[in-house]
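Every chain is numbered from 1, with letters handed out A, B, ... down the list of sequences. Keep in mind that what you see is a predicted model, and the values were worked out from it rather than measured.
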There are 2 protein chains.
Amino acid sequence: MKQISYENFFANFSNKTRLGILTALMDGPLSVSEIVDKVGGEQSNVSHHLESLRKCSILNVKKEGKKRIYSLNKKTVYPMLELVEKHVGGCGGSCEECGLCSPVGERK
Amino acid sequence: MKQISYENFFANFSNKTRLGILTALMDGPLSVSEIVDKVGGEQSNVSHHLESLRKCSILNVKKEGKKRIYSLNKKTVYPMLELVEKHVGGCGGSCEECGLCSPVGERK
DNA sequence: TTCTCATATGAAATTTGTTTCATATAAACA
DNA sequence: TGTTTATATGAAACAAATTTCATATGAGAA
């Protein structure tokens with residue numbers, strides 16, 4: 001029954017693989033193997049990340065036969081990302097320092 | 001001229017010391033030494049974190065004699081933290097898994 | 001049942017981030 | 001100028017997070 005902190009919550013958005021998972025799920029719910037296909041990398045690694053995201057209720061899961069279907073908590077995720085876009089807007093979308101000036105997938 | 005990513009942006013909220021700095025600045029702008037007094041730890045460490053926060057425009061700086069006065073980008077920081085509070089609200093404020101159920105300072 | 005497929009889990013290996021330490025810079029002042 | 005104060009910076013030491021690897025679990029099909 002470990003309490004998760006703010007740090008923990010935000011950490012779920014501060015990693016390329018996890019943002020990839022979130023992006024993948026924007027088109028709708030997916031099973032683990034479908035997510036792996038989309039984001040690439042090891043199944044076990046994706047699984048670890050899914051666990052972390054789920055623990056913070058950033059993702060939801062349901063069982064379906066032997067599959068687990070993950071879906072976005074849109075109510076939290078979308079406003080979160082929009083806030084960042086808005087923040088970037090504040091520097092005219094061409095800030096050299098902040099630099100959040102292109103869609104999620106195009107960044108490294 | 002390095003472009004900072006979403007990961008980078010969120011990483012600034014996913015660290016205890018940096019959240020401490022943000023909390024300290026909620027009462028108004030402070031100089032580096034005042035921040036150090038409030039959050040504790042090495043001056044150079046605080047300085048590194050300030051640099052990181054500033055690069056993402058989460059903080060602003062202005063010179064004042066030999067001091068540097070840092071201030072919150074409230075427009076971004078407050079909605080960000082409120083969003084998390086709201087997210088927690090979704091589990092009634094007593095979720096065992098998500099656990100973001102008490103003020104910033106009281107968590108570990 | 002046994003086999004296969006889908007996913008999870010734990011621990012070791014690796015990578016990345018944080019902290020500390022020593023020192024640099026820059027402003028004010030004697 | 002030389003000294004003190006405030007802050008920044010780079011690199012090494014240290015800590016934490018991520019990835020991989022090997023294997024476990026669990027559901028459905030043969």
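Listed by first and then second residue, the ring pair (Phe, Tyr, Trp, His ring centres under 6.0 Å) pairs involving residues 11-50 of chain B are A/F10-B/F13, B/F9-B/F13 (not counting sequence neighbours). Residue pairs meeting the side chain to side chain donor-acceptor pair (under 3.5 Å) criterion with at least one member in residues 65-78 of chain B, sequence neighbours excluded: A/H87-B/T76.
Looking at every heavy atom in both residues, A/L30 comes nearest to A/A24 through CD1-O, 3.7 Å. Residues A/L83 and B/P79 share a closest heavy-atom pair of CD2-C, 3.5 Å. Nearest approach of B/S14 to A/S14, heavy atoms of both residues: OG-OG, 3.8 Å.
DNA chain C lies under 4.0 Å from at least one heavy atom of each of the following residues of residues 27-39 of chain A: A/S31, A/V32, A/S33.
Nucleotide D/dT7 holds its P atom 15 Å from the CZ atom of B/R54, rounded to whole Å. In this structure, A/L59 places its CG atom 11 Å from P of C/dA8, rounding to the nearest Å. To the nearest angstrom, C1' of D/dT7 lies 12 Å from CD of B/E51. Distance CG (A/N12) to P (D/dA16): 18 Å, rounded to an integer number of Å. The nearest whole Å value for the distance from the CG atom in B/L53 to the C1' atom in C/dT18 is 13 Å. The separation between B/K63 atom NZ and C/dT25 atom P is 14 Å, rounded to whole Å. The interatomic distance linking B/K55 (NZ) with D/dT9 (P) rounds to 9 Å, in whole Å. In this structure, CG of B/N8 is placed 14 Å from C1' of C/dT18, rounded to the nearest angstrom.
For A/R18 and D/dT18, the shortest distance from a side-chain N or O to OP1 or OP2 is below 4.0 Å. Between D/dA8 and B/Y70, a contact under 4.0 Å exists linking OP1 or OP2 to a side-chain N or O.
Under the salt bridge (charged side-chain N to carboxylate O under 4.0 Å, His left out) criterion, B/E34 pairs with no residue at all, not counting sequence neighbours.
Between B/L59 and B/I21 the shortest side-chain heavy-atom distance falls below 4.5 Å. The side-chain heavy atoms of A/L22 and A/N12, taken from C-beta on, include no pair separated by under 4.5 Å.
Positionally, the nearest nucleotide of DNA chain D for A/S14 lies more toward the 5' end than for the other of A/S14 and A/G65.
A/E7 CD to B/T17 OG1: the interatomic distance, rounded to the nearest 0.5 Å, is 9.0 Å. Between B/L50 atom CG and B/N45 atom CG the span is 9.5 Å, to the nearest 0.5 Å.
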Under 3.5 Å, which protein N or O atoms sit close to an N or O of nucleotides 19-22 of chain D? Give each pair with its distance.
{"residue": "D/dT19", "atom": "OP1", "partner": "A/T17", "partner atom": "OG1", "Å": "3.3"}
{"residue": "D/dT19", "atom": "OP2", "partner": "A/N45", "partner atom": "OD1", "Å": "3.3"}
{"residue": "D/dT19", "atom": "OP2", "partner": "A/N45", "partner atom": "ND2", "Å": "3.1"}
{"residue": "D/dT19", "atom": "OP2", "partner": "A/H49", "partner atom": "NE2", "Å": "2.4"}
{"residue": "D/dT19", "atom": "O5'", "partner": "A/N45", "partner atom": "ND2", "Å": "3.3"}
{"residue": "D/dT20", "atom": "O4", "partner": "A/H48", "partner atom": "NE2", "Å": "3.2"}
{"residue": "D/dC21", "atom": "N4", "partner": "A/S44", "partner atom": "OG", "Å": "2.7"}

Pairs under 3.5 Å (N/O, protein and nucleotides 3-5 of chain C):
{"residue": "C/dC5", "atom": "O4'", "partner": "A/K66", "partner atom": "NZ", "Å": "3.4"}

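With C/dA8, D/dT18, D/dA8 as the choices, the nucleotide that has an atom nearest any side-chain atom of B/R68 turns out to be D/dA8.
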For B/D27 and B/K38: C-alpha separation, side-chain torsions, deciding distance, then whether side chain to side chain contact (heavy atoms under 4.5 Å, CB included) applies. CA-CA 11 Å; B/D27 296 330; B/K38 280 210 177 192; 3.5 Å; yes

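A salt bridge links A/K55 with A/E51: at least one charged nitrogen is closer than 4.0 Å to a carboxylate oxygen.
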